[in-house]
Amino acid sequence: VAKGAALRHHHERRKKQKGPRQQEKSSASLVKLIRGSEATGNVGAAIEAYGALRDRGVPLDGLTAHKFATALVTAGRPRAAIDLLRDLADRRPLSEAECGACVKNVSQALTEALAAEYVDALVGATTFSDGEGAATFFRLQARWSAMILASEACQAHADVDSRPPSTLARQGRCVHDCALEPGEKKGEIVVRGGDAGGGDVRRTLAPGDTLALRLARADD
């Protein structure tokens, strides 16, 4: 399978920089580095590690592929994530659960077209227990959901950039001048205080809403 351009550039550069005495990392340590990229955000090192594994003919398992693809999308590298998934399409290492987790982690920063392309690549790298019919059904549903999220997120971010926070708060679309604190659970964030629109609010934020956290502008 041909490598995508976003990954190929890093692989070729790595080969040129690699010296003859450079200590080789074990395949297990490279897999561990890739898996950890979702938490560390060090996707550059993960891309190089994937290139080394590919050169050795060591395949990625589903869990590692899931975490790597999510890390790339989260880091703003959706094209590299798509290249990765297409590179894995011949083996389809992702399980249905891992594919679904990747869809749920689709970044708000994706365009509708990229969101659709990402879902297509995910499905292509996934083994569905009920065959191609199930894959087609999932792809259509997930594609639609990802595109709707991308469209609504794009509009919401545009509104935040162009409209006063107080107006958005009265519409139930934001809480501003709040503080963020770590929650009781690992990775949990608690929002304290802030203006949620007061008595003029038309609706409130509800469970299931997708949120974005942004620093307040100096002129807000």
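Just so you know, these numbers use all the heavy atoms, side chains as well, and skip hydrogens, waters and symmetry mates.
The backbone N or O of S95 lies less than 3.5 Å from a partner atom in the side chain of E98, making a donor-acceptor pair. Checking side-chain atoms of N105 against main-chain N and O of A101 turns up a donor-acceptor pair under 3.5 Å. Side chain of S151 to main chain of I148: no donor-acceptor pair is present (N/O by atom type, distance under 3.5 Å, no hydrogens or angles). Using modelled atom types, one side-chain atom of S145 and one backbone atom of Q141 make a donor-acceptor pair closer than 3.5 Å.
The closest side-chain donor-acceptor pair between R35 and T64 falls under 3.5 angstrom. Between the side chains of S37 and T40, no donor-acceptor pair of N or O atoms lies under 3.5 Å. Inspection of the E96 and S129 side chains reveals an N or O donor paired with an N or O acceptor under 3.5 Å.
Salt-bridge annotation for E132 and R92: present, with a side-chain N of the basic residue lying under 4.0 Å from a carboxylate O of the acidic one. A salt bridge links R86 with E117: at least one charged nitrogen is closer than 4.0 Å to a carboxylate oxygen.
V43 and L53 fall within a single hydrophobic cluster, where Ile, Leu, Val, Met, Phe, Trp and Tyr are joined by side-chain heavy atoms under 4.5 Å apart, directly or via other members. With hydrophobic clusters built from ILVMFWY side chains whose heavy atoms lie under 4.5 angstrom apart, F138 does not share a cluster with L140. Transitive grouping of hydrophobic side chains (ILVMFWY, heavy atoms separated by less than 4.5 Å) brings L84 and L30 into a common cluster. Under the 4.5 Å side-chain heavy-atom criterion for grouping Ile, Leu, Val, Met, Phe, Trp and Tyr, M147 is not connected to V103 through any hydrophobic cluster. Cluster membership check: W144 does not share its hydrophobic cluster with L114, using side-chain heavy-atom separations under 4.5 Å among Ile, Leu, Val, Met, Phe, Trp and Tyr.
Considering every non-hydrogen atom in both A146 and A115, the closest pair reads O-CB, 3.8 Å. Nearest heavy-atom pair, A158 versus S162, reported as atom, atom and distance to 0.1 Å: O-OG, 2.9 Å. Nearest heavy atom pair, residue L33 against residue A49, reads CD2-CB, 4.2 Å. What you find for H66 and C102 is that their closest heavy atoms are CD2-SG, 3.3 Å. Across all their heavy atoms, A156 and R173 have their closest contact at CA-NH2, 4.0 Å. In terms of heavy-atom proximity, V119 sits nearest to R139 at CG1-O, 4.1 Å.
Rounded to the nearest 0.5 angstrom, D90 CG and D87 CG are separated by 7.5 Å. Residue K32 holds its NZ atom at 14.5 Å from OG of S27, rounded to the nearest 0.5 Å. Taking CD of E112 as the reference point, atom CZ of R143 lies at 10.5 Å (rounded to 0.5 Å). Atoms CG and CZ, from D61 and R91 in turn, are 8.5 Å apart once rounded to the nearest 0.5 Å. Remark: R79 CZ to L110 CG distance equals 10.5 Å, nearest 0.5 Å. Taken from CD1 in I47 to CG in L72, the straight-line distance is 5.5 Å, to the nearest 0.5 Å.
In this structure, V73 and V106 have side chains that are not in contact, with every pair of non-hydrogen atoms separated by 4.5 Å or more. Proximity of L168 to D159: side-chain heavy atoms (C-beta onward) are separated by under 4.5 Å at one or more points. Annotation: side chain of R163 is in contact with side chain of Q171 (closest heavy-atom distance under 4.5 Å). Using a 4.5 Å cut-off on side-chain heavy atoms (C-beta onward), D120 and Y118 make no contact. Side-chain contact check for D130 versus F137: every heavy-atom pair is 4.5 Å or farther apart.
With F68 as the partner, the side-chain contact (heavy atoms from CB on, under 4.5 Å) test is satisfied by one option alone out of L88, I34, L85: I34.
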